[in-house]
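Written out below as structure tokens is the structure these notes cover.
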Amino acid sequence: MTPPSRPDTVLLTDHAWPDDSVERSVIEGAGHTLVSGPAEPASAEAIEELVAEHRPAGILTCWAPVSSLAVEASPDLRIVARLGVGLDNIAVDTATERGVWVTNVPDYCVDEVSDHAVGMVLAWTRGLAVLDREVRTGRWDPAGARLRRLSTLTCGIVGFGRIGRATARKLGAFGCRMLAHDPHPPKDAPGVELVDLQELLRRSDAVILHVPLTPGTHHLIGADQLALMRPGGLLVNVSRGGLVDTDAVIKALDGGQLDGAAFDVLESEPHVPAGLLDQPGALLTPHVAFSSDASVTELRRRAAEEVVRILAGEAPAHPCNHPGGLPAGPGDRR
């Protein structure tokens, strides 16, 4: 009689929600063992130690860094699944070299992030955050309001993937002109004019970033790019903090080149530079554009299901690499 094989171990490195119940239900429901690290993302060195200790066959990671050393620390590792979209905290090249799948959940928060971006534009055009602060301090000055009609403005979207297209569709319903830039533009973009980045910056009243962070997009928006924008415009970043040179934004706000900067993400997060906090035109949220009750539950379930899929010998639904020449899964769009 063949003895039963021992269950595979899956390591949850961190989680931006109160518990690990959804992940545990999926992983242990499939007969595997879930080990949870600290809720707050630990250092790369701490994650490497956790991986070496538990030798997981799968890693689920939210914000914690999964370094090359972490990938190499478990000879049994078969998948690193991102609880999110971006992969800048995962050593994808090392995983690929070692035959380890890397997956994400690319479409779980399309509605939430695009809603957040639109909400930030509306907060700027209607002065919602600034006026709320004034009223709370006892100032009631409707004559001093400097508000905008969104339908007369031009909005430029940098990055025209799933979320960028959703943002364009929602903003377009308000009647504003829509521009978009993407290195791989779609063949058909109804109601949206596709332009290069410099033209988009020159013509847009509001610029919205929906771009992944890569070495090529780090500080995509700096002093030179801000100088191209129409004076008194808005910059929205709901993607990754490293896309923007924050010091350059602070100077642009100080000098009036920018009237508003609406950021859900910061390069220095969770630290917020004092120079940004002091800006009345800064609207800041704590990296929550992805979040809703529905989106977070969907994210957790689908990321865990990818791990179960790989451990069962099946193809991933949303592969982000092709390790060892293995065939792509059904979700591959590259």
Side-chain angles (χ1 to χ4, degrees), residues 8 10-32 34-37 39-41 56 58-64 66 78-90 92 101-120 159-170 208-213 238-240 264-265 285-312 314-321 328-334:
D8 286 313
V10 177
L11 173 64
L12 175 63
T13 62
D14 63 305
H15 50 89
W17 29 87
D19 57 48
D20 63 4
S21 60
V22 174
E23 297 85 354
R24 188 169 297 279
S25 174
V26 174
I27 297 299
E28 295 189 349
H32 306 299
L34 182 72
V35 175
S36 290
E40 294 294 320
I59 294 175
L60 281 160
T61 187
C62 187
W63 305 121
V66 181
R78 295 163 63 189
I79 177 173
V80 179
R82 173 78 211 288
L83 287 149
V85 181
L87 304 173
D88 44 290
N89 62 322
I90 300 173
V92 179
W101 287 106
V102 176
T103 63
N104 67 354
V105 188
D107 53 355
Y108 78 99
C109 60
V110 170
D111 282 339
E112 286 77 8
V113 177
S114 56
D115 284 353
H116 209 86
V118 172
M120 285 176 152
F160 206 55
R162 294 178 180 90
I163 299 175
R165 293 194 295 271
T167 298
R169 183 179 69 253
K170 293 171 184 179
I208 303 158
L209 304 181
H210 288 307
V211 183
L213 179 61
V238 289
S239 295
R240 285 291 187 269
D264 182 57
V265 289
T285 56
H287 206 146
V288 293
F290 70 92
S291 182
S292 74
D293 291 345
S295 69
V296 171
T297 300
E298 179 184 349
L299 167 67
R300 298 168 66 184
R301 174 183 55 78
R302 289 175 58 190
E305 286 173 349
E306 282 282 53
V307 173
V308 169
R309 201 173 283 120
I310 292 299
L311 298 186
E314 301 173 10
H318 295 288
C320 299
N321 66 342
D332 190 25
R333 294 290 182 270
R334 297 192 297 170

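This is a predicted model, so every value here is computed, not measured.
Using a 4.5 Å heavy-atom threshold, the side chains of Trp101 and Asn321 count as touching. Side-chain contact between Leu311 and Val10 is present, with at least one heavy-atom pair separated by less than 4.5 Å. Residues His116 and Val288 meet the side-chain proximity criterion, which asks for heavy atoms closer than 4.5 Å.
The pair Asp88-Arg82 does not count as a salt bridge, with every side-chain nitrogen at least 4.0 angstrom from each carboxylate oxygen.
Across all their heavy atoms, Leu83 and Leu299 have their closest contact at C-CD1, 3.5 Å. Residue Ala304 comes nearest to Leu60 through the heavy atom pair N-CD2, 3.9 Å, listed as atom of the first residue, atom of the second, then distance. Smallest separation of non-hydrogen atoms from Leu12 and Asp20: CD2-CB, 3.7 Å. Scanning all heavy atoms of the two residues, the minimum distance from Asn89 to Thr61 falls at ND2-OG1, 3.8 Å. Smallest separation of non-hydrogen atoms from Glu306 and Ala317: OE1-N, 2.8 Å. The shortest heavy-atom contact between Cys109 and Phe290 is CB-O, 3.5 Å.
With values rounded to the nearest 0.5 angstrom, Leu11 atom CG is found 11.0 Å from Ile27 atom CD1. Rounded to the nearest 0.5 angstrom, Asp115 CG and Ser292 OG are separated by 9.0 Å. The structure places CG of Leu87 at 11.0 Å from CG of Leu213, a figure rounded to the nearest 0.5 Å. Remark: Glu314 CD to Arg309 CZ distance equals 7.0 Å, nearest 0.5 Å. Here Ile90 contributes atom CD1 and Ile59 contributes atom CD1; the two are 9.0 Å apart, rounded to the nearest 0.5 Å. Considering CZ of Arg165 and OG of Ser114, their distance stands at 11.5 Å, rounded to 0.5 Å.
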Inset, instruction - Please report the C-alpha distance between Thr285 and Met120 in whole Å, then the side-chain angles of each, then the deciding distance to 0.1 Å, and finally whether the side chain to side chain contact (heavy atoms under 4.5 Å, CB included) criterion is met. - result: CA-CA 10 Å; Thr285 56; Met120 285 176 152; 3.6 Å; yes
Legend entry - side chain to side chain contact (heavy atoms under 4.5 Å, CB included) between Tyr108 and Arg301, worked out: CA-CA 10 Å; Tyr108 78 99; Arg301 174 183 55 78; over 6 Å; no
Inset, instruction - Could you please spell out the steps behind the side chain to side chain contact (heavy atoms under 4.5 Å, CB included) verdict for Ser21 and Arg300? - result: CA-CA 9 Å; Ser21 60; Arg300 298 168 66 184; 4.0 Å; yes
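Tested against Asp107, the residues His318, Arg162, Arg302 include a single side chain to side chain donor-acceptor pair (under 3.5 Å) partner, Arg302.
Between the side chains of Ser36 and His15, not a single donor N or O lies within less than 3.5 Å of an accepting N or O.
Put simply, the side chain of Asp14 gets close to the backbone of Cys62: a donor and an acceptor are under 3.5 Å apart.
Residue Asp19 qualifies as enclosed at atom CG: its count of foreign heavy atoms under 6.0 Å is above 12.
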